[in-house]
Amino acid sequence: MTCPSTSGANNAQAHVREQKWFQAYQLHEHIRKSSLAKFHLFFGHSDTLKQAVFALRQEVFVHEQQISELDEFDWRDQTEDTNYFLVTSTDFSPVATIRFQTLSTTTVQPDRFCVQSDYRMQHIGWDLLTLYELYASFHGFHTSILSAELTAIDFYQKLGYHTSGDSFYEDGILCQKMTKKL
């Protein structure tokens with residue numbers, strides 16, 4: 001993350017500087033105080049990172065949920081504009097991931113969000129999605145829109161998401177569109 005210089009030489013931008021540094025502090029504190037503090041956290045789209053992300057998605061979505069590989073690994077995974085958050089254990093085994101996807105200059109869409117089965121119910125997913133939202137807000141996004149599996153609607157509602165529209169099938173799973181102001 002890049003923050004403006006703390007130098008007072010350009011005080012015309014003082015409000016922006018203070019806002020960006022405060023947001024960076026919030027990100028740092030979220031990680032430090034959350035379940036994510038005991039893990040390694042990565043962001044980007046390097047080949048090594050993508051290999052770990054894809055292995056975890058293969059395990060969770062393809063093997064556990066029986067989603068076809070053609071549906072799970074789409075064109076977005078082939079672009080340089082697509083980034084991923086990856087949480088790994090201390091031995092660098094993949095624990096959780098979420099794909100960072102922009103819909104517009106103000107809207108992000110978290111997707112391909114999963115937690116490895118041995119690490120579920122430990123608040124990791126909650127903390128990772130919250131980090132995603134803080135990161136998106138830091139970069140000027142105002143809205144998050146996602147497709148939630150019907151079984152996950154309660155989880156997302158607890159995080160402040162609201163349902164909109166009718167249910168629909170995505171990758172063979174019944175889903176609901178959900179929105180949150182960041």
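No experiment lies behind these values; they were computed from the predicted model shown.
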Exercise. Do D81 and T79 have side-chain N/O donor and acceptor atoms under 3.5 Å apart?
Worked result: no
Show me the donor-acceptor pairs within less than 3.5 Å that the side chains of residues 157-166 make with the rest of the protein, sequence neighbours left out.
from	atom 1	to	atom 2	distance (Å)
Y161	OH	E133	OE2	2.7
Y161	OH	S144	OG	2.8
H162	NE2	G160	O	3.4

Problem set entry | Least distance between heavy atoms, P94 atom then T88 atom | CA-CG2, 4.3 Å
Exercise. Any idea which heavy atoms bring I98 and P110 closest together, and the distance?
Worked result: CD1-CB, 3.5 Å
Exercise. Does Q122 have any side chain to side chain donor-acceptor pair (under 3.5 Å) partners at least two apart in sequence or in another chain, and if so, which?
Worked result: none
For this session: Run through the side-chain heavy atoms of Ile, Leu, Val, Met, Phe, Trp and Tyr, join any pair under 4.5 Å, and report what else lands in I145's cluster.
Result: L103
Problem set entry | Residue list, side chain to side chain contact (heavy atoms under 4.5 Å, CB included) with S68, at least two apart or on another chain | L70, D71
For this session: Using modelled atom types only, decide if a donor and an acceptor are shared between the side chain of H142 and the backbone of G140 within a distance under 3.5 Å.
Result: yes
For this session: Please report the closest heavy-atom contact between F61 and C114, naming both atoms and the distance.
Result: CZ-CB, 3.7 Å
Exercise. If you measure only the distance, is there a donor-acceptor pair under 3.5 Å linking the side chains of Q58 and E69?
Worked result: yes
For this session: Run the salt-bridge test on R76 and D111 with the 4.0 Å N-O cut-off and return the result as yes or no.
Result: no
Problem set entry | Residues that, via side-chain heavy atoms closer than 4.5 angstrom, fall in one hydrophobic cluster with F92 | F42, L49, V53, F54, V62, F73, Y84, L86
Seminar exercise, completed: Contacts of D47 meeting side chain to side chain donor-acceptor pair (under 3.5 Å) (sequence neighbours excluded), chain-then-number -> none
For this session: For a side chain to side chain donor-acceptor pair (under 3.5 Å) with R112, tell me which candidate from T97, D77, D74 qualifies.
Result: D74
Problem set entry | Check ion pair K33-D127 (N to O, under 4.0 angstrom) | no
